[in-house]
Protein chains: 2
Amino acid sequence: MLKKQNHRMTRQRKVILEELKKVKTHPGADEIYAMVRKRIPRISLGTVYRNLVVLSELKEIQTIEHVGTLKRFDGTPENHYHIRCVKCGRLDDAPMEIETYLEKKVRRYTDYAVVGHRLEFIGHCSECAKGCL
Amino acid sequence: MLKKQNHRMTRQRKVILEELKKVKTHPGADEIYAMVRKRIPRISLGTVYRNLVVLSELKEIQTIEHVGTLKRFDGTPENHYHIRCVKCGRLDDAPMEIETYLEKKVRRYTDYAVVGHRLEFIGHCSECAKGCL
DNA sequence: GCTTTTATTTTCAATGATTATAAATAAGCG
DNA sequence: CGCTTATTTATAATCATTGAAAATAAAAGC
């Protein structure tokens, strides 16, 4: 890892990254805190928050700019879409490629300099859909 | 307005709705509070929050499930896309129709029962783009 | 118009997520 | 090993939002 821009690889930073890469879900800062605490019991919540910011800046991870109430974090930094369950709040990756043409389309009519987009689907996950019978 | 589901049309509710419909921006609860306070100085912030929820439920307005840090509210309840300035946080409607086929596409590969989607573009508004020269 | 019912408002305190601060610690360099 | 300073810890502070209790006022009926 390229941590040569004045960044040190501390144990806490390393473990936070490892734990986040380990799961396929998109935990919030508090969940990551709980996960990491199993390995570093005395770590502080502030350290988790700070490192998630740093790791995002270094493109090691990605922060999902929320649609629920709190931020979620994603272990894979590549841009991709998400799908969220309205009932339980569960968040998964959407099985779909990035539609770059969407940006082309909006550029024709806006005076914004468009640099990206974020797409999120809403629905009921298979678990919660059962309850809708 | 159809406020017959056990909802009363209070002065504060009326003014909040009027003020929100009046602007073309997407103010946060605090901004709406400031706007309304010019007409009802003694209104409380909690009342603003509560009414924004109620008005959303009644489909009179729409709450934009944020991508910044705080919720934004939109005077027009119809679904549409937004475009956000990364520098100043300004939020505008995106000049583009809803792409319903996106949902069709994702449905083919997910076991979620998809009921909607939200798309937001990221960019620099014309004002902020000037500073990028 | 006056009563009554109860949704709503106000004031104020509480919560929950996140960020800031200061002192202590430790990564990575020579 | 010793130094520099990024980082951590612990704790307090902030910010947006929500909850609770008492007071107020819509709307419905008389």
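Below, read A as the first sequence line, B as the second, and so on, with proteins coming before strands; counting in each chain starts at 1.
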base_contact_polar (dT7(D) base, Arg13(A) side chain, donor-acceptor, <3.5 Å): no
Contact summary for Ile32(B) and Leu20(B), nearest pair of heavy atoms: CD1-CD1, 4.2 Å
Atom-to-atom span, NZ of Lys14(B) to P of dT9(C) - whole angstrom: 14 Å
At 4.0 Å (heavy atoms only), tell me whether [X] reaches a base, stays on the sugar-phosphate, or touches nothing.
X        : answer
Arg50(B) : base
Leu45(B) : base
Thr10(B) : sugar-phosphate

Pairwise side-chain contact, Thr47(B) with Tyr33(B), heavy-atom cut-off 4.5 Å (strictly under): no
Evaluation steps, side chain to side chain contact (heavy atoms under 4.5 Å, CB included), between Val53(A) and Arg50(A): CA-CA 5 Å; Val53(A) 172; Arg50(A) 227 172 319 97; 5.8 Å; no
His117(A) versus Glu103(A), side-chain donor and acceptor atoms under 3.5 Å: yes
Would you say [X] reaches [N]'s phosphate, i.e. side-chain N/O to OP1/OP2 under 4.0 Å?
X        : N       : answer
Asn6(B)  : dT8(C)  : no
Tyr49(B) : dT18(D) : no
Gln12(A) : dA26(C) : no

The helix from dG1(C)-dC30(D) to dG30(C)-dC1(D): angle between end helix axes, five pairs per end, rounded to 10 degrees: 40°
salt_bridge(Lys22(A), Glu18(A)) N-O dist < 4.0 Å: no
Carboxylate-amine/guanidinium proximity below 4.0 Å for Glu19(A) and Arg39(A): yes
